[in-house]
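Below, chains carry the letters A, B, ... as their sequence lines are ordered, and counting in each starts from 1. Side chains are part of it too, since the values below use all heavy atoms of this structure and drop only hydrogens, waters and symmetry mates.
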Number of protein chains: 2
Amino acid sequence: MLVNGQHQNLLPVADRSVQYGDGVFETILVRKHRPVYWQDHLDRLIKACRTLQIPLSVSELCKEVETVLAANKADGALKIIITRGSGGRGYGAPATPSPTRIVQMHPLPLDYPDCAQNGVRLFRCQHPLSRNAALAGIKHLNRLDQVMASLELPVDAEEGLMCDETANVIEGIKSNVFAVVGGKLITPDLSHYGVAGVMRGRILALSEAILGIPIEVTTVGMKELRIADEIFVCNSVLGIWPVTELFWDAETLNFAIGPISRRLQTMHAESL
Amino acid sequence: MLVNGQHQNLLPVADRSVQYGDGVFETILVRKHRPVYWQDHLDRLIKACRTLQIPLSVSELCKEVETVLAANKADGALKIIITRGSGGRGYGAPATPSPTRIVQMHPLPLDYPDCAQNGVRLFRCQHPLSRNAALAGIKHLNRLDQVMASLELPVDAEEGLMCDETANVIEGIKSNVFAVVGGKLITPDLSHYGVAGVMRGRILALSEAILGIPIEVTTVGMKELRIADEIFVCNSVLGIWPVTELFWDAETLNFAIGPISRRLQTMHAESL
């Protein structure tokens, strides 16, 4: 692990990530020493830092990423955290922040290939997502919603489904959600909630051209899921997980693993 | 500063406060070695930890607070942070968390007595508060909203006013807000947003009995503020700051420092 280029695994308590969750992060799949979808992740990180007004030294970050990648032989997940650093007066940020850059490799969970191959069970969590158009889409460090939803997750579900206050689906705890409904691929609108995932972005950008089916960002609720031909969740580290069972309150819905999910998995595999 | 009873000012990067803002905090006024409104703060901390399912050792915390208080001669602000500690799988918390307790004294800002005596200028921030009934009221570590609002604050305003998406007033950046309107004390409803401050709680509990004026938790917008006889902001460290000017978009409202604000300041002073 590197913190501002130094080998260490400690941080000052005064760091604003500890005090306020004042920062952003990325989690990136590494295959054969190569960070997959690197440009997409870097673009999103730069955009998030700009929104939060955290100055980011991209050249230093890239050097640190190279160092960590060179030191790790195995595939894994690269986590980058950028915080606003220490200082300021209470919530007030310092006039010229010295951000903290953290770059670290994690092993990939062993069950991920099986989840992609055989599908997963999705559990509808009761904890609602926080609504805020000013922070929606950004992968920031204020992640209590995801932590609280994870606490609800039963052992027989691999992923949780998170909704807004009125039970519209927004995303998975660690993923974005898509459904195939009436020959269309649909996914929730994230203008007020959620994280705009890199894999979601690729599917939005490429699937109409590659799969030839229309794609729509829209409202997604149980009404749509009940008539879905396929459901899948995705993120750039886990790839695409077809959903075979959905536990929504007292209701259980079953789904087959369909051709759209498989073709998107192939598209993803070709990027690796 | 004590971290789990040890003198140190570093934390593992793996701590869930860094990764997710997974924790809660309290900021407590210390006068003559005594933490003011201690029982209220401890009650709120225990309740917050229970909501987030973070096990808290109250006896160890109290010992650490005593140690820090004994080592500090001057008045100040005691900050307590409780995090869920390290571990777990991604957002998923460990089955038996080992929380991190951080106890630290900070000096009091030098301008606070002047703000209480002469009043403050309040600036309406554009950054909206996040809406979430499941987290509302809790002083948790997901504080990006307050950080973003602070970035808007001009140098000629001592506090920022934070609203919901529809411009209803919720709270100050670091305080709660009250107004005297038509002989009534009113303060925003916090069931979907905001931090339920200890000083706010004391005012709600005591002011009707002590001041003899009715108090109402309700919707507060510019409509109410325009006709207010007094506005003040409060928290347990700064006490009660009368508002003399409110900057709301292009509009500036002026207020006198009124008798209700002064009587509540007296009530607070008698608790010190």
Side-chain angles (χ1 to χ4, degrees), chain A residues 1 3 8-25 27 51-53 79 81 83-84 88-93 100 102 104 106 109 126-135 138 140-151 153 160 164-165 173-174 192-193, chain B residues 1 3 8-25 27 51-53 79 81 83-84 88-93 100 102 104 106 109 126-135 138 140-151 153 160 164-165 173-174 192-193:
Chain A
M1 188 195 304
V3 177
Q8 60 174 103
N9 54 17
L10 296 171
L11 208 59
V13 168
D15 194 276
R16 296 174 62 93
S17 60
V18 179
Q19 304 280 324
Y20 311 121
D22 190 5
V24 295
F25 71 110
T27 313
T51 304
L52 300 192
Q53 302 176 43
K79 186 163 183 177
I81 299 178
T83 87
R84 205 183 304 270
R89 182 176 164 176
Y91 296 122
T100 305
I102 301 165
Q104 184 181 14
H106 292 282
Q126 293 299 321
H127 182 90
L129 279 163
S130 296
R131 177 183 170 96
N132 194 332
L135 295 177
I138 300 173
H140 54 65
L141 293 176
N142 278 199
R143 292 290 149 215
L144 259 178
D145 284 340
Q146 284 71 21
V147 173
M148 294 308 292
S150 293
L151 288 170
L153 208 58
D164 67 13
E165 280 183 309
I173 293 175
K174 57 175 180 281
H192 291 88
Y193 305 86
Chain B
M1 188 194 305
V3 177
Q8 61 174 101
N9 55 16
L10 296 171
L11 209 58
V13 167
D15 194 274
R16 297 175 61 94
S17 60
V18 178
Q19 304 279 325
Y20 311 120
D22 190 5
V24 295
F25 71 111
T27 313
T51 303
L52 299 192
Q53 301 175 44
K79 187 163 183 177
I81 299 177
T83 87
R84 204 183 305 270
R89 182 176 164 176
Y91 296 122
T100 305
I102 301 165
Q104 184 182 15
H106 292 282
Q126 294 298 321
H127 182 89
L129 279 163
S130 297
R131 177 183 170 96
N132 194 332
L135 295 177
I138 300 173
H140 55 65
L141 293 175
N142 279 200
R143 292 289 150 215
L144 259 179
D145 284 341
Q146 284 71 22
V147 172
M148 294 309 292
S150 292
L151 288 170
L153 208 58
D164 67 12
E165 279 183 310
I173 293 176
K174 58 174 179 282
H192 291 88
Y193 306 85

Visitor: Could you walk me through whether A:Thr100 and A:Ser17 satisfy the side-chain contact (heavy atoms from CB on, under 4.5 Å) test, starting with their C-alpha distance in whole Å, then the side-chain angles of each, then the deciding distance to 0.1 Å, before giving a yes or no?
Guide: CA-CA 9 Å; A:Thr100 305; A:Ser17 60; over 6 Å; no
Visitor: What heavy-atom pair brings A:Leu135 and B:Asp145 nearest, and what distance separates the two atoms?
Guide: CD1-OD1, 3.2 Å
Visitor: Check each atom of A:Ile102 against the heavy atoms of chain B and say whether the ones under 4.5 Å are side chain, backbone, both or neither.
Guide: side chain
Visitor: Tell me, for B:Thr51 versus chain A, whether the close heavy atoms (under 4.5 Å) come from the side chain, the backbone, both or neither.
Guide: backbone
Visitor: Is chain B contacted by the side chain of A:His106, its backbone, both, or neither, given a heavy-atom distance below 4.5 Å?
Guide: neither
Visitor: With under 30° as parallel and over 60° as perpendicular, where do the rings of B:Tyr91 and B:Tyr20 fit, or are they tilted in between?
Guide: tilted
Visitor: Side chain, backbone, both or neither: which part of A:Leu153 has a heavy atom under 4.5 Å from chain B?
Guide: neither
Visitor: Please classify the contact of B:Leu151 with chain A as side chain, backbone, both or neither, using a heavy-atom distance under 4.5 Å.
Guide: side chain
Visitor: Looking at B:Lys79, B:His192, B:Arg16, B:Gln8, which one has more heavy-atom pairs under 4.5 Å with chain A than the rest?
Guide: B:Lys79
Visitor: Give the member of A:Gln104, A:Gln126, A:Lys174, A:Arg84 that has the highest number of heavy-atom pairs under 4.5 Å with chain B.
Guide: A:Arg84
Visitor: Check step by step if side chain to side chain donor-acceptor pair (under 3.5 Å) holds for A:Asn132 and A:Ser130.
Guide: CA-CA 6 Å; A:Asn132 194 332; A:Ser130 296; over 6 Å; no
Visitor: Over all heavy atoms of both residues, which pair between A:Val18 and A:Val13 is shortest? Give the atoms and the distance, please.
Guide: CB-O, 3.5 Å
Visitor: Find the one option among A:Val3, A:Leu129, A:Asp15 whose heavy-atom pairs under 4.5 Å with chain B are most numerous.
Guide: A:Leu129
Visitor: Could you look at A:Gln19 and say if it's the side chain, the backbone, both or neither that has a heavy atom under 4.5 Å from chain B?
Guide: both
Visitor: Taking atom CD1 of B:Ile173 and atom CZ of B:Arg143, what is their separation to the nearest 0.5 Å?
Guide: 12.0 Å
Visitor: Give the minimum heavy-atom separation between B:Leu52 and B:Gly23, together with the two atoms involved.
Guide: CD1-O, 4.0 Å
Visitor: Can you say whether A:Asp22 sits under 4.5 Å from chain B via the side chain, the backbone, both, or neither, judging by heavy atoms?
Guide: both
Visitor: Sort A:Thr83 into side chain, backbone, both or neither according to what part of it lies under 4.5 angstrom from a heavy atom of chain B.
Guide: neither
Visitor: Go through the atoms of A:Ala149 and report whether side chain, backbone, both or neither lie under 4.5 Å from a heavy atom of chain B.
Guide: neither
Visitor: Non-hydrogen atoms of chain B under 4.5 Å away: do they reach the side chain of A:Ile81, the backbone, both or neither?
Guide: side chain
Visitor: Quick one: what part of A:Gln146 sits under 4.5 Å from any heavy atom of chain B, side chain, backbone, both or neither?
Guide: both
